Amino acid sequence: MSENKTNKEQPVQKSKTELKQAKTAAKNVPAKASKAKATTDAPAVNTALNALLWLVAIVLVAGAIVGNWYYTQHVVIDESSFDRFIRVAIVIAVIVIGLGVTLFTNKGRSLLNFGRESYVELRKVVWPTRQEAMQTTFIVFVAVCVVSLFLYLCDVVFLQLVRYITL
C-alpha cells in the first residue's frame with residue numbers, strides 16, 4: 001500500500017518532445033474547431049446585396065446567351081476559325097463569371113459549404129479494393145443472369161398457358 005502512495009505522489013516526468021507535442025496539439029485543436037465553425041457559419045449577405053448579385057448574374061448569363069444568338073443570326077460576317085474561337089471563349093467566360101457571381105449570394109455560399117462538407121465526407125469513405133470490386137461486379141452479373149433467365153422461363157410458361165386457354 002505504501003508503494004502505491006509513493007508512486008501516486010511522485011509527479012510523472014515527461015520529456016521535452018512530449019511536452020512540445022502536447023502544446024502543439026492543444027494549440028491546433030481550437031484553431032481547427034474555429035475554422036470548421038467559420039466555414040459552416042459564413043456570414044449571410046444582406047437582402048439588397050443578395051438581390052443585386054442575383055440580378056448581375058442573371059444579366060450576365062442572359063446577355064451572353066442572347067448576344068451570342070444575335071451575333072450568329074443577324075451579323076453577317078464570315079468568321080474565320082480563330083474569330084469563332086474568340087467569340088465562343090468570350091461567351092463561355094461571361095457565363096462562368098455570371099455563375100461565379102452567384103457563389104457570393106446566400107444560396108451560393110450554402111452550395112459552397114455543402115461542397116466542402118461533401119468533400120470531407122468523401123474522404124471518410126473506405127473504397128473497395130480492385131479485387132473486391134471485381135468480385136462484387138461478378139456476383140451482380142450472375143444474379144442478373146439468373147433473374148433474367150427465371151423471368152424468361154416465366155414468360156414462356158405464361159405464353160404457352162395463354163395460348164392453350166385461348167385456342
Side-chain angles (χ1 to χ4, degrees), residues 3-69 81 84-155:
E3 291 177 17
N4 288 341
K5 285 185 178 179
T6 55
N7 287 342
K8 288 182 182 177
E9 292 173 357
Q10 293 176 353
V12 178
Q13 296 293 326
K14 292 186 178 181
S15 68
K16 289 182 181 180
T17 56
E18 288 175 345
L19 289 173
K20 286 181 182 177
Q21 289 174 350
K23 287 180 183 178
T24 306
K27 287 180 183 177
N28 289 339
V29 170
K32 288 180 183 176
S34 65
K35 285 181 184 176
K37 188 175 182 180
T39 58
T40 57
D41 297 336
V45 178
N46 67 21
T47 309
L49 181 60
N50 195 39
L52 179 67
L53 288 172
W54 277 111
L55 181 67
V56 168
I58 290 170
V59 166
L60 283 172
V61 172
I65 293 170
V66 170
N68 185 47
W69 172 81
S81 60
R84 183 175 296 134
F85 172 76
I86 294 296
R87 180 175 52 85
V88 170
I90 290 171
V91 169
I92 291 172
V94 171
I95 289 174
V96 167
I97 290 170
L99 294 176
V101 169
T102 62
L103 295 178
F104 294 104
T105 63
N106 291 332
K107 292 285 186 184
R109 287 173 186 249
S110 64
L111 177 68
L112 286 174
N113 189 24
F114 176 74
R116 284 188 203 106
E117 291 173 2
S118 297
Y119 182 72
V120 167
E121 291 299 319
L122 185 66
R123 294 194 43 110
K124 294 178 184 177
V125 173
V126 178
W127 297 101
T129 64
R130 180 177 174 83
Q131 182 182 5
E132 291 171 340
M134 295 298 287
Q135 288 172 346
T136 305
T137 303
F138 180 72
I139 290 169
V140 169
F141 180 75
V142 168
V144 166
C145 289
V146 168
V147 169
S148 63
L149 182 62
F150 172 74
L151 291 175
Y152 171 74
L153 292 175
C154 288
D155 186 43

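The model shown is predicted, which means the values in this text are computed figures rather than measured ones. Starting from 1, each residue takes its place in the sequence as its number.
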Without placing hydrogens or testing angles, list every side-chain donor-acceptor pair under 3.5 Å for residues 49-65, not counting sequence neighbours.
residue	atom	partner	partner atom	Å
N50	OD1	N106	N	3.1

Query raised in the report: Taking it one step at a time, do L122 and W127 satisfy side chain to side chain contact (heavy atoms under 4.5 Å, CB included)?
Result: CA-CA 10 Å; L122 185 66; W127 297 101; 3.6 Å; yes
Requested in this report: Look up atom OG in S110 and atom CD in E117, then write down how far apart they are to the nearest 0.5 Å.
Outcome: 10.0 Å
Requested in this report: To the nearest 0.5 Å, tell me how far E132 CD sits from T137 OG1.
Outcome: 11.5 Å
Requested in this report: Can you see which heavy atom on A133 is nearest to which on P128, and at what distance?
Outcome: N-CB, 4.4 Å
Requested in this report: Measure the spacing between CG of D155 and CZ of F150 and express it to the nearest 0.5 Å.
Outcome: 11.5 Å
Query raised in the report: Is any side-chain heavy atom of R87 less than 4.5 Å from a side-chain heavy atom of N68?
Result: yes
Query raised in the report: To the nearest 0.5 Å, what is the distance between CZ (F114) and CD (E121)?
Result: 10.0 Å
